[in-house]
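None of the values given here were measured: they were computed from a predicted structure. For the single chain, residues carry numbers from 1 onward in sequence order.
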Amino acid sequence: EAQERHAEAMKGLPDIPSANAPSAQPAPAKSNEIPEKLKQAMIEDGLPLPGQNQPQGQAMEQPSGPTEIVIKSNPANVLQGRAKQEYIAKIDYNTKLYEADQNMKSGNYRKAEQLYSQLIQEKQSKYVLNNLLKAMTHNGRVSDISYVARLHRKSIDADSVSDVALEMNKAGYSDKALAFLSDFSGIPGSGTIYYTAGVIQDSKHNYRLAETAYAKALKLAPSEQYFSYAAARNKDIQNKYSEAAELYKQTVVLDTDSS
């Protein structure tokens with residue numbers, strides 16, 4: 001009777017295999033095989049393949065410190081207060097200077113003069129003043145050049161005065177160029193100014209006036225080889241050969257001393 005009740009209870013339940021019963025075949029596992037190209041790439045990169053253990057004694061490389069994230073951004077978005085204002089002002093100045101130079105090179109002298117005028121008000125600069133005066137020359141405003149140069153006297157020297165005067169002479173304003181040189185003949189280094197006056201007088205075939213200018217240049221700067229050579233050449237043109245010879249000798253001596 002007990003066996004009958006047990007049999008009745010076991011109805012519908014799956015059979016339990018006995019120890020002697022053959023074991024059931026496991027279901028085929030899904031293939032973990034990876035494509036050959038991917039496997040080759042992983043091997044070349046030193047990555048372990050699936051199911052492959054990390055070699056003993058070889059730990060995974062860890063970052064030595066906190067990872068630094070570098071963000072490249074506009075300094076104007078990073079700087080604050082006065083530093084930001086100065087940075088923006090510098091960028092604006094350089095942009096305007098580049099635009100002025102480009103207009104100068106392309107022959108747009110009116111735009112160049114306008115931009116250089118703004119720049120010289122922002123910051124005193126020999127380069128900017130020089131180009132401003134040259135732009136004024138090409139715009140025919142030669143009568144105002146001495147006035148503008150005096151306004152910015154800190155940014156002018158004998159070299160820049162001579163440079164602008166030669167530009168004026170080349171543009172056909174030789175008399176205005178000589179007047180401009182005369183206005184600044186008292187500044188330091190004025191030997192260069194008198195030498196330039198001599199060059200301009202020579203170009204006008206005013207050899208006597210050029211001779212006087214070269215003599216003043218040599219008196220102020222007797223060791224300048226270019227001054228003595230120009231004076232010698234001027235004497236030569238005027239057939240003053242003995243005086244020219246002495247000056248040529250002086251030029252050779254100065255050349256030997258300089259070397």
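- Atom NE2 of His138 is separated from atom CG of Leu133 by 11.5 Å, given to the nearest 0.5 angstrom.
- Remark: Tyr229 OH is loosely packed, at most 12 non-hydrogen atoms of other residues, nucleotides or ligands lying under 6.0 Å away.
- Residues Gln114 and Gln118 form a side-chain contact, since some pair of their non-hydrogen atoms from C-beta on lies under 4.5 Å apart.
- Tyr207 places none of its side-chain heavy atoms less than 4.5 Å from the side chain of Gln201.
- For the pair Lys111/Glu99, a side-chain contact is recorded, criterion being any heavy-atom separation below 4.5 Å from C-beta on.
- With hydrophobic clusters built from ILVMFWY side chains whose heavy atoms lie under 4.5 angstrom apart, Tyr194 does not share a cluster with Ile156.
- Within 6.0 Å of atom NZ in Lys216, 12 or fewer heavy atoms from other residues, nucleotides or ligands are found, so the atom counts as exposed in its surroundings.
- When all heavy atoms are compared, the tightest approach of Ala158 to Gly189 is CB-O, 3.1 Å.
- In this structure, CG on Asp157 lies 12.0 Å from OG on Ser190, to the nearest 0.5 angstrom.
- For the pair Ala210 and Gly198, the tightest heavy-atom approach, listed with the atom from each and the gap, is CB-O, 3.4 Å.
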Check the pair Ser160, Leu129 against side chain to side chain contact (heavy atoms under 4.5 Å, CB included), reporting the backbone distance first and the verdict last.
CA-CA 9 Å; Ser160 57; Leu129 180 60; over 6 Å; no
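- For the atom pair OG (Ser228) and NZ (Lys249), the distance works out to 14.0 Å, reported to the nearest 0.5 Å.
- Using a 4.0 Å cut-off between charged side-chain N and carboxylate O, Lys90 and Glu86 make no salt bridge.
- Residues Met168 and Ile145 form a side-chain contact, since some pair of their non-hydrogen atoms from C-beta on lies under 4.5 Å apart.
- You'll find the side chain of Asn206 stays beyond 4.5 Å of the side chain of Ile200, heavy atoms only.
- To the nearest 0.5 Å, atom CG of residue Leu209 and atom CG of residue Asn234 are 10.0 Å apart.
- A donor atom on one side chain and an acceptor atom on the other are not found under 3.5 Å apart for Ser155 and Ser125.
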Applying side-chain hydrogen bond (donor to acceptor under 3.5 Å, both in side chains) to Tyr109 and Asn103, what does each step give before you reach the verdict?
CA-CA 7 Å; Tyr109 299 117; Asn103 278 282; over 6 Å; no
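- In this structure, the side chains of Leu218 and Glu224 stay at 4.5 Å or more apart for every pair of heavy atoms.
- Side-chain N or O atoms of Asn139 include none that pairs as donor or acceptor with a backbone N or O of Arg141 at under 3.5 Å.
- Atom NZ of Lys126 has more than 12 heavy atoms from other residues, nucleotides or ligands within 6.0 Å.
- At distances below 3.5 Å, not a single donor-acceptor pair connects side-chain atoms of Ser182 with backbone N or O atoms of Ala179.
- Hydrophobic cluster membership differs between Tyr127 and Leu115, with clusters built from Ile, Leu, Val, Met, Phe, Trp and Tyr side chains linked at under 4.5 angstrom.
- The side-chain heavy atoms of Gln238 and Glu243, taken from C-beta on, include no pair separated by under 4.5 Å.
- Met104 and Asn131 get closest at one heavy-atom pair: CE-O, 3.7 Å.
- Summarising the geometry of Lys219 relative to Pro222, their closest heavy-atom pair is O-CD, 3.9 Å, with the distance given to 0.1 Å.
- Between Phe227 and Tyr195, the ring planes lie parallel to each other; the angle is under 30°, not in the 30° to 60° tilted range.
- In the model, Tyr214 has a side-chain atom that pairs as donor or acceptor with a side-chain atom of Asp202 under 3.5 Å.
- One distance of note links CG of Leu166 with OG of Ser203; it measures 9.0 Å at 0.5 Å rounding.
- Linking ILVMFWY residues whenever their side-chain heavy atoms come closer than 4.5 Å, directly or via other members, leaves Leu119 and Ile91 in distinct clusters.
- Both Leu132 and Tyr93 are members of a single hydrophobic cluster when ILVMFWY side chains are connected at heavy-atom separations under 4.5 Å.
- Listed for the Ser106 side chain is a donor-acceptor partner under 3.5 Å among the backbone atoms of Gln102.
- Remark: the backbone N or O of Ser162 is not paired with any side-chain donor or acceptor of Thr196 at under 3.5 angstrom.
- Between Asp175 and Tyr173, the side chains place no donor N or O within less than 3.5 Å of an acceptor N or O (distance only, hydrogens not considered).
- More than 12 heavy atoms of other shown residues, nucleotides or ligands fall within 6.0 angstrom of atom CZ in Arg150.
- Considering only heavy atoms from C-beta on, Arg153 comes within 4.5 Å of Ile187 through its side chain.
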Test side chain to side chain contact (heavy atoms under 4.5 Å, CB included) applied to His152 and Val148, step by step
CA-CA 7 Å; His152 307 284; Val148 173; 4.1 Å; yes
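- The nearest pair of heavy atoms linking Ala232 to Ala244 is O-CB, 3.5 Å.
- Lys235 has no carboxylate O lying under 4.0 Å from a charged side-chain N of Glu246, or vice versa, which leaves the two without a salt bridge.
- Taking CG of Leu151 as the reference point, atom CD of Gln121 lies at 8.0 Å (rounded to 0.5 Å).
- Across every non-hydrogen atom of Gly191 and Ala217, the tightest pair is O-CB, 3.4 Å.
- Placement of Ile120 and Tyr116 within a single hydrophobic cluster is found when ILVMFWY residues are connected by side-chain heavy-atom separations under 4.5 Å, directly or transitively.
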